[in-house]
Amino acid sequence: MSTMTTRFPPSPTGYLHIGGARTALFNYLLARHHGGRFVLRIEDTDKARSTQEMTNAILEGMEWLGLEFDEGPFFQSERTETYNQYIDKLLQSGQAYYCDRTPEQIDVMRAEAKAKGLKRLYDGHCRELDLGPGPDRVVRFKVPRPGKVVFNDMVKGTVAIDAEEIEDFVIRRADGSPIYQMAVVVDDATMGITHVLRGDDHLSNTPKQIMLFQALGFPVPEFGHVPMILGPDKKKMSKRHGAVSVMVYKEMGYLPEAMLNYLARLGWSHGDEEIFSKEDLVEKFSIDNLGNSPSVFDQEKLNWLNSHYIKTASLDRLAPLLAEYLELRGFSSLDPDYLKTVIPLLQPRAKTMVEMADQTEFFVTPSSELSFDPKAAAKFLTDDAKVHLAALLSRFEEAPSFAPDTLENIAKAYLEETGLKFKAIAQPIRVALSGKTVSPGLFETMEVLGRERSFTRIRRAIALTT
RNA sequence: GUCCCCAUCGUCUAGUUCGGUCCAGGACACCGGCCUUUCACGCCGAUAACAGGGGUUCAAAUCCCCUUGGGGACGCCA
């Protein structure tokens, strides 16, 4: 029994999107779970649409998610000769043939077939013509007829397709370059791929590929087709929702561990469990637990997972990350130790790192530049409130310690003397400190800001003319 | 149109392999309440599904058939 080997074969004609990322994850997990190998192969046989930029983007996405591969990346564009050798083999053995029908002629043929209500498959015009090589001639695979391809899909069970449903498909273009189906089969065979786990959309390619494996005398790998991920409209994902680079999820403030966890649970489950680390997934992943109906991408659940991971992440992890997001909005050379005192106040409040960055802003904005939200100031920094702020300020200045408890006791003592309710002073203090009506707990905030910032800000609030 | 795949709460799903323990469990979201200095967190609670119809059976979410619905594929794209 050879080592289990899986692969992820993206085409560099687009970014690594949600669906691709999940496919990569499942293949990664399958290989890791069984102690096998995971191969990355870049399928760039379509020269016109493949770019280096996309290849880099895909690599970046996989790195972000932590999907390390054991071999590759291999590039199909560098293996043209190999593919052509196998195509020639097929030609020599009479399992493939040249065809001189032009794309235009084929189009006409398909249109006519459609008009007559027939299958719009290539009609096999050149199948028995025994044409030799020539300019503008493609090579087509001679689908064995009559015939039937039956295979046992790892997730869907037995799938059977009649050869009548499959046309003599092109395996080499007129320009001499090999086509996807050929490249995939040769690669999977020569790279020792034992298990092919991919999206549902490839199900109809499978019989073609199996025929190719057989014609070439290669062992046929195991196939598994995972249901697709749908958008909220239950249609195939569009740019509107997940069909963008997974890196935009990083930009939106998602943690890779949340993304990984979410992706794993889309179409896969392990009893009632919801939280899985990458290690958990490697340990628990099994094809048997894959679902077989399409699933809808739900950002709300991703949000929940993300806030979970934000709440449980270490300060050492979060501080540099937060600094990155803050830097994007112009805050540079921030003190990591200061951020580490801010973060605990924000962990239960931020669903994303972007939100955390939002909420961190007033902590890192220099007090002299802090602006007060006009509405908040008008409502809470009244003349009345300023009197109390001034009184409280002088008491806070005398505080023996700046611990939340101490501060709170000072405030309470003041309230008792004046007969005021906490609510009367809470928002004014908050607006003074943060410029806004929303912030973490007042006294924790003061502790983190420290004496100097706190006092400066309260003084500025008192001095503010509204 | 043809072929293939799929069908449990709004969403992700458990349960389907070996029908009974399921008047269907968990999670997210939503709603209500508690906590409370704002916003969150947290805690408690509620609403919510076996697409429909036929079978088989003492018994069906689980097996079979049909209908309906959804998805995918039909390229000298991958």
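Side chains included, hydrogens not; waters and symmetry mates left out as well; all remaining heavy atoms used. Naming: A, B, ... by sequence-line order, numbering from 1 per chain.
Residue-level contact check: A:Glu274 touches the bases, meaning some heavy atom is under 4.0 Å from a base atom. At a threshold of 4.0 angstrom between heavy atoms, the contacts of A:Asn205 include nucleobase atoms, whether or not backbone atoms are also involved. Within the nucleic acid shown, A:Leu121 comes within 4.0 Å of sugar-phosphate atoms alone, with no base atom in reach, counting heavy atoms only. As judged by a 4.0 angstrom heavy-atom cut-off over every strand, A:Lys436 is placed among residues making no nucleic acid contact. Counting any heavy atom pair closer than 4.0 Å across all strands shown, A:Ser177 reaches no nucleic acid atom. At a threshold of 4.0 angstrom between heavy atoms, the contacts of A:Pro440 include nucleobase atoms, whether or not backbone atoms are also involved. Nucleic acid contact for A:Thr437: base, since at least one base atom lies under 4.0 Å from a heavy atom of the residue. Base contact: A:Leu442 has a heavy atom under 4.0 Å from a base atom. Among the protein residues, A:Gly199 comes within range of no part of the nucleic acid, since none of its heavy atoms lies under 4.0 Å from any strand. Residue-level contact check: A:Val170 touches the backbone only, with heavy atoms under 4.0 Å from sugar-phosphate atoms and none from bases. Contacts of A:Pro103 with the nucleic acid, taken as non-hydrogen atoms under 4.0 Å apart, include base atoms. Using a 4.0 Å heavy-atom criterion, one finds that A:Ser439 contacts the bases of the nucleic acid, with or without backbone contacts as well. When heavy atoms are screened at a 4.0 angstrom cut-off, A:Glu408 is found touching no nucleic acid atom at all. Residue contacts for A:Arg172: at a heavy-atom cut-off of 4.0 Å it reaches no nucleic acid atom on any strand shown.
A donor-acceptor pair under 3.5 Å is absent between the side-chain atoms of A:Ser269 and the main chain of A:Gly271, judged by distance alone.
Relative to the ring axis of A:Tyr122, A:Arg140 places its NZ or CZ within 45° and under 6.0 Å from the centre. Geometrically, A:Lys208 engages A:Phe169 in a cation-pi contact, judged by NZ or CZ lying under 6.0 Å from the ring centre and within 45° of the ring axis.
Proximity note for A:Tyr180 (side chain, C-beta onward) versus B:rA78, B:rU13, B:rU37: the nearest is B:rA78. Candidate nucleotides B:rC76, B:rG25, B:rC6 were compared by shortest atom distance to the side chain of A:Ala174, and B:rC76 ranks first.
Comparing B:rG15 with B:rG25, their C1' atoms are spaced 8 Å from each other, to the whole Å. B:rA49 and B:rC28 have their C1' atoms separated by 16 Å, given to the nearest Å. For the P atoms, the distance linking B:rA14 with B:rU8 amounts to 10 Å, nearest Å. Nucleotides B:rG71 and B:rC34, compared at atom C1', are 45 Å apart to the nearest Å. B:rG55 and B:rG75 have their P atoms separated by 43 Å, with the value rounded to a whole Å.
With both pairing distances under 3.5 Å, B:rU57 is matched to nothing as a Watson-Crick or G-U wobble pair. Across all strands shown, B:rG10 pairs with B:rC28; the Watson-Crick or G-U wobble distances both stay below 3.5 Å. Base pairing analysis places B:rC43 opposite B:rG33; the two distances defining the Watson-Crick or G-U wobble pair are each below 3.5 Å.
Each of A:Glu164, A:Glu112, A:Glu165 was scored for a salt bridge (charged side-chain N to carboxylate O under 4.0 Å, His left out) with A:Lys119, with one residue passing: A:Glu165. With A:Glu167 as reference, A:Arg110 is the one residue of A:Arg110, A:Arg127, A:Arg120 to meet the salt bridge (charged side-chain N to carboxylate O under 4.0 Å, His left out) rule.
Taking only side-chain nitrogens and oxygens, A:Asn292 comes nearer than 4.0 Å to OP1 or OP2 of B:rA7. Side-chain N/O atoms of A:Lys412 include none lying less than 4.0 angstrom from OP1 or OP2 on B:rU37. Listed pair A:Ser295 / B:rU13 meets the phosphate criterion, a side-chain N or O lying under 4.0 Å from OP1 or OP2. Under 4.0 angstrom from either OP1 or OP2 of B:rA14 there lies at least one side-chain N or O belonging to A:Ser269. Taking 4.0 angstrom as the limit, A:Arg198 places none of its side-chain polar atoms (N or O) nearer than this to OP1 or OP2 of B:rA78. Taking only side-chain nitrogens and oxygens, A:Arg110 comes nearer than 4.0 Å to OP1 or OP2 of B:rC76.
In this structure, A:His202 counts as stacked on the base of B:rA78 under the 5.5 Å centre distance and 30° plane angle limits.
On a pure distance criterion of 3.5 Å, a polar donor-acceptor pair joins the side chain of A:Arg349 and the base of B:rC39. Put simply, the side chain of A:Asp200 and the base of B:rG72 share no donor and acceptor less than 3.5 Å apart. In this model, no side-chain donor or acceptor of A:Glu273 finds a partner on the base of B:rG26 within 3.5 Å.
Crowding of A:Asp136 atom CG: a count of heavy atoms from other residues, nucleotides or ligands under 6.0 Å not exceeding 12.
Between A:His225 and A:Phe223, the two ring planes are parallel [angle under 30°; tilted spans 30° to 60°].
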